[in-house]
Structure formats: structure tokens, C-alpha cells
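Take a look at the structure below.
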2 protein chains.
Amino acid sequence: MTDAQERNRRVTAADVARAAGVSRSAVSRAFTPEAYLDADKRRAILQVADELGYRPNAIGAALQGASSNLVAIVVGDTPSPFDKEVATALAAGLNAAGKYPIMIGGSQAVSRAAVSDVLRYPLDAMILRTGSLSPDFADACGKLGIPLISSGRIMDRPLVDNVCVQNEAGMEMITDLLLSRGHKAFGFIGGPSGFGSAGRRRAGMMQSLAKAGLDLTAEVTGDYTVQSGFKAVEALLAQAPVDAILCANDAMAIGAISGLRQRGLRVPEDVAVTGFDDVEMAGWPEYRLTTVRNPINDMVAAIVDLLEARINAPRRAGETRWLTPEVILRETH
Amino acid sequence: MTDAQERNRRVTAADVARAAGVSRSAVSRAFTPEAYLDADKRRAILQVADELGYRPNAIGAALQGASSNLVAIVVGDTPSPFDKEVATALAAGLNAAGKYPIMIGGSQAVSRAAVSDVLRYPLDAMILRTGSLSPDFADACGKLGIPLISSGRIMDRPLVDNVCVQNEAGMEMITDLLLSRGHKAFGFIGGPSGFGSAGRRRAGMMQSLAKAGLDLTAEVTGDYTVQSGFKAVEALLAQAPVDAILCANDAMAIGAISGLRQRGLRVPEDVAVTGFDDVEMAGWPEYRLTTVRNPINDMVAAIVDLLEARINAPRRAGETRWLTPEVILRETH
DNA sequence: CTGTTAGCGCATTCAA
DNA sequence: TTGAATGCGCTAACAG
């Protein structure tokens, strides 16, 4: 049994060097493909390293100046189905790019503290998927040299990169679709005003309606949850009868469909319903929701791309990537 | 402008010491609550540190022997809704405990490579939420001194901790419920054989059925997805008519409900359906699924608890925590 | 109470 | 091609 095992200590390059009868530098070189090292020697060292279960400690390397490959992802406190899909896809995409995503979430208080503490790590970047974050926070990141990438919401700050779907265009497209089907009395279930996306989506709808010479018939604000969509139906119908309900996201649309059915109304025969995001559940047989796709794969690709660009050029100007939405035709329009 | 900012370098304790006119150790002490340091001096140092945007670099501290506070979470390649809920809750729970979860996921190939590479970090622990992982992998963790916590599946290895819901008991409870309602012809939609949970759940059901002197009427194996539950209905009914369908998880139960409705069958009047896990969607108005709760909060609490216990006593024997399932009565039984 | 010193594991420079 | 020496940022032991 080796010394390292006896002491229950992690095996280090020095242990491998001792066991293989070479210098510590040789071990380091064995794990650096482009370093000069006799091929046989390298093989022998890697052999010994494998037997001992040695892997270079990333912490030592990071201290040396290497990239930490650590990336924080901050999600909101009550993640919607869409947020969860994004988090999963983002983690996979970062893994594929050789990065390690640290998830920050939980209640407002917990995540605020965690976000602040995670800055103690020399992160490659911080990815924001949450609505509001105090502006002095961006300064803190700047001082620490940690790049910020905002997704789903534009942060208009010097070195910050942004990735966002074209909310207005997407909502215009789906509003036009309903218009083309002859709908005239539109209800809207909007999102919380704190979210930038909610306002942009509403604006896109209003734009289309205005072009058609129509006004909104009824409007209710939800909180992006299924439950709020369900309850919004009653409030909406109390304002005026409608023949189409546009929702600012899929979760509320799903709730609205149930709310309508419970009142004996058929979707889409009596009232059409549309969503935004195209979450997995939108395609489930009970819903078959007509919606606007917020392309997660494109989002992940753009984030990974911006991340790599910024690592290569830390001082480059902030860039904004706009994702193209797409109308998904199913059976609720 | 300070030297550190000019060079776009992270501010270090040395920078703060220079700016505050104290020694580096004093700066270190200022950030260590229990260290001896004149109160005024500490205040002054923290003041300067704040202005400079300094935070102790966790990498340096970790190298020093401090815990890295980094914990890897490995999820499967095609996470179900339940997996996503677990991942979100686990991340939040770890954050609250001052730990930073690194998510590992994506395709089989990507996550295999990522899992191997992430071991370069001196992780506090690795949490496994995925089905199969080669056994030599546990050895690798052992050699590196990285504790393993397996959730949802028992890993019977010396120092490995486990957290798992009582699958058999849960399934027995819900089978008994259907039995007490007078159901006689049972169909079962099972999970993939690679998952330990699928077999245990089936066993619990068979146990209850045997006690009642009944046998299974029809059986189909799905892959834990909604789609597979939907398609399983046809195969099941082709075998024999049933008046109750038990499913090994909620996603398949949700699919089965839709499959039944599409064939003009009413749930639960014609056929009862039950699930397992109690995901968020199980409570949605279109489903109102009667199911067995797999208690996520308890799971997270147990994992955090085991993690802390193991950090305090790295050589303690592996412990298994059994979570208590609970039948959730809704409207499909 | 405080400054000086050593060493964590590593990659890399320098000198051979 | 190789080994010895250096320093990354930090904490803790030591000496004052």
C-alpha cells in the first residue's frame, strides 16, 4: 500500500513520480500532449498513474493560470417547465464543450447568497437565466474579470453578452396566424412585469392587432405558472367574451386550456389558445398546443459560442445573438 | 487605476494588503471570522477589499486543504420530468448547504467523458442519479477519495451512501388501494429493466396481487416516457381487457391516460390508472393522477445530510436511507 | 495582536 | 529530452 493510500490522501504527481522513478516534471509532461517526452517514458508514467488512480488536480492547474472550466448558471427561484428544460440542455451543451456548469438556484435568499459566494471561484463565465439581479452585481463580476452572459433577457452593459429569442416577431407571427383564421375577439394572458420577455411578447401581439385594425378585447396578468393560466380564464371571460386567447408562455396556455374545458368550452372550436416556448408538454396528447418555439438548442449553441469567443477575447464588445422563433402548428388554433 | 485592474487580472489578497498598508496575512484574517485581528483593522481591510472588488479565491483555499465545496451531480442522458424536478431541487438544497453542484449530463458519450474529467476536481462528493455506471468507476472515485452517493438506486459498495424510496412498499400501497376499490383485472406498464426501481416496483405490485390471490392480467414494458405509456395501452389491451393499469412512473401513466381516452375509454370509470413519483404534471387538471409520492424534499434532505456526515467522517460505513412513499389520492382510481 | 514563512499541486521556465 | 526551481493565491503555523 502506498503512502498516499495509507493517509487517505489524494494521489499527487509527486506520488506517481516516486512510484515510476521519474521527476515530477516528467509526470506533468506525460499529461500534456504537446510536451516533449520520450514516448516510452510517457507510456510507462501513464501506466503507473492509472494503477495509482491518479488524475491531475484541476485546482492546482487552475491556480497555475489555466482556465478553471467552471461556469455558473443562475436560474430563478421557481423554475417553470421551460426553465428546467433550458437548464438541462445548457448543462449538457456545456459538458460537451468541456465546461462544468455550477447550478445556482433556490429561494431568493439562498440564491442571492450563493451567487455572491460562487464568485470566489475563478469562473470562466456566469450565465444568467433569471429575471432581476441588482446592477451592482454586474460590477462585481466585472471587477473579478468574470464574463456575464445573459439569456432570455437583454442586459445592456458594456462587456455583457446576450442571447434572446425575438419575442416580438414570434408573437406577431402567431397573432397573424389567428387573425388569418378569422379570429376577432382576442384575450391575452400576460406574464409578470418584472420579466422583460413578457412585455416584448405583449408588444408583438399589439403590433399585429393594430395592423389589422383590432384592439385587445380582454387582458389578465398571470405569473407564468399553469395554475395562473387556469385561473386567468375566469377573469378574462368576466371582462368580455373572446374567441382566441394568446398566452405569454406555454405553462399558462396549458392552464387556460384546462380552464376553458372545465367551463364546457371546446378548444379550438369555441376558443383558440396559443402559447410561447414549445415545452415538451405542449406536444402531449391532451394539449397539442399551437405555440411559438423558443429554440433551446440554438440558445445553447449561441451561449457556448459566445462563451468561447469571450474566453479568447476577454475585452471584446458585448454581443447580442437573436434567436429565430418558429410557429408550431398543432391543434389549438 | 490599480495594477490589478490595468492588467485585467483578478484582485488578490496581496493587492488588498498593498492598498490597505497591511500584511497579506492580515487580509486573510479579515476574511476568517474566528481569526485574531483588531476590529478596526478588520473593518478597514474589508472596506478596501470591497472597493477593489476582492473576494478570496476559492481555488487557493482549496489547494490549501480547505474543502472545495464542489459536488458533482450525474443525471441520465434523457432526463424524465421527475429527473428534472430532482435536479432542480437538489441544486437548490446543495446551494442552501453552501455546496456548489456541478451538473453532468447529456448523451451517453458526452457524460461518460465529463464524469471522468470532472474527477480532476477535488470534489466533496459525487451524486449519482443515473442508472448504470461501470463498476470500475466507483473504484476510481475511491482511489481519489471522492465519496459517492447514489440516489434512486442502491449501490452495494463499501463506502457508498444510498438514498432510495421504498419502491416495493409504495407500489404495494397503491395496488392495495385499487384492490380495495374492487378492481380485478390488472395491467402493468413497467420500466426498462436496466433501472433497479422498475423491478422493485413491479415486485411490490406482484406481492399485493398474490396476497389477494390474483395474477397480472396483462403486461407491457415501456421506457419511462409519456410516449411509451401512450403506445403501451394498445399493446396492453391487445393482450386482455383490464379495469386498472398500474404504471411504474407518472410519465407513462400520463401517456396511458391519453391513450385510453383516445380509444374512447373513460378514466377512471372504465379503466383506473395510477403512477409513481408524483411529478408536478400529475396534479394538472387534465390528469389529476392518483399516484405514489416519491418525496423529493426528503430525498434532498437525506442527500445533504449524508454528504455532511461523510465529510465529517470520510471512513464511516456506507449508509442507506429509505424514503417513505405516500399514496396521493386524486381522480384516476 | 501581527508580520514572516512555508507549503498545498501543478505547469512551465531555465539550465543542463 | 530531462530534472531542478519557480510561483500561482491562499491559510496556518510560527515567531515576535
Side-chain angles (χ1 to χ4, degrees), chain A residues 3-4 7-45 49 52-70 117 119-123 144-146, chain B residues 3-4 7-45 49 52-70 117 119-123 144-146:
Chain A
D3 185 57
R7 297 162 175 241
N8 196 32
R9 211 199 51 200
R10 186 177 171 116
V11 179
T12 71
D15 297 321
V16 177
R18 208 171 306 124
V22 298
S23 71
R24 269 190 316 153
S25 330
V27 177
S28 191
R29 288 191 182 104
F31 282 88
T32 309
E34 62 275 19
Y36 290 123
L37 187 63
D38 180 82
D40 284 341
K41 199 168 196 172
R42 166 168 284 144
R43 227 188 323 275
I45 293 173
L52 263 43
Y54 166 79
R55 327 213 161 190
N57 186 332
I59 256 44
L63 199 49
Q64 192 53 227
S67 153
S68 73
N69 287 325
L70 259 18
D117 283 349
L119 292 177
R120 295 170 64 127
Y121 296 83
L123 304 173
L144 290 164
I146 295 177
Chain B
D3 184 58
R7 298 163 175 240
N8 195 31
R9 212 198 51 201
R10 188 177 169 115
V11 179
T12 72
D15 296 322
V16 177
R18 208 172 305 125
V22 298
S23 71
R24 269 189 319 154
S25 335
V27 176
S28 190
R29 289 194 183 100
F31 282 88
T32 310
E34 62 275 18
Y36 291 122
L37 187 64
D38 180 81
D40 285 341
K41 199 168 196 172
R42 165 169 283 147
R43 228 188 323 276
I45 292 173
L52 263 43
Y54 167 79
R55 329 213 159 190
N57 186 333
I59 256 43
L63 200 48
Q64 193 49 229
S67 153
S68 73
N69 288 324
L70 260 17
D117 284 349
L119 292 177
R120 295 169 65 125
Y121 296 83
L123 304 173
L144 291 164
I146 296 177

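Naming convention: chains lettered A, B, ... in sequence-line order (proteins, then strands); numbering from 1 in each chain.
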To the nearest angstrom, how far is [X] atom [atom1] from [N] atom [atom2]?
X: A:L37; N: C:dA11; atom1: CG; atom2: P; result: 13 Å
X: B:I45; N: C:dC1; atom1: CD1; atom2: P; result: 14 Å
X: B:R42; N: C:dT2; atom1: CZ; atom2: C1'; result: 13 Å
X: B:Y121; N: C:dC10; atom1: OH; atom2: P; result: 14 Å
X: A:D15; N: C:dC8; atom1: CG; atom2: C1'; result: 13 Å

Between A:Y54 and A:F31, is the ring centre distance below 6.0 Å?
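Distance test on ring centres: under 6.0 Å, yes.
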
If a pair satisfies side-chain hydrogen bond (donor to acceptor under 3.5 Å, both in side chains) and one of its residues is in residues 25-34 of chain B, list it, with sequence neighbours excluded.
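Matches after skipping sequence neighbours: none remain.
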
Does any non-hydrogen side-chain atom of B:R55 lie less than 4.5 Å from one of A:D117?
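Side-chain contact under 4.5 Å: no.
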
Considering just the side-chain nitrogens and oxygens of B:K41, establish if one lies under 4.0 Å of OP1 or OP2 belonging to C:dC1.
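Result: no.
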
Nucleotide N/O to protein N/O under 3.5 Å, stretch nucleotides 9-11 of chain D:
residue, atom, partner, partner atom, Å
D:dG9, N2, B:G60, O, 3.2
D:dC10, OP1, B:Y54, OH, 2.9
D:dC10, OP1, B:N57, N, 2.8
D:dC10, OP2, B:A13, N, 2.6
D:dC10, O2, B:Q64, NE2, 2.8
D:dC10, N4, B:R24, NH1, 2.8
D:dT11, OP2, B:S28, OG, 2.6
D:dT11, O2, B:Q64, OE1, 3.3

Between B:K41 and B:V22, what is the shortest heavy-atom contact and its length?
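So the minimum-distance heavy-atom pair works out to CE-CG1, 3.6 Å.
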
Give a yes or no on whether the backbone of B:A62 and the side-chain of B:S68 come within a donor-acceptor separation of less than 3.5 Å.
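Side chain of B:S68 to backbone of B:A62: no pair is present.
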
Only counting residues at least two apart or in another chain, list the ones meeting side-chain hydrogen bond (donor to acceptor under 3.5 Å, both in side chains) with B:S67.
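B:S67 satisfies side-chain hydrogen bond (donor to acceptor under 3.5 Å, both in side chains) with B:N69, B:D124 once adjacent residues are dropped.
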
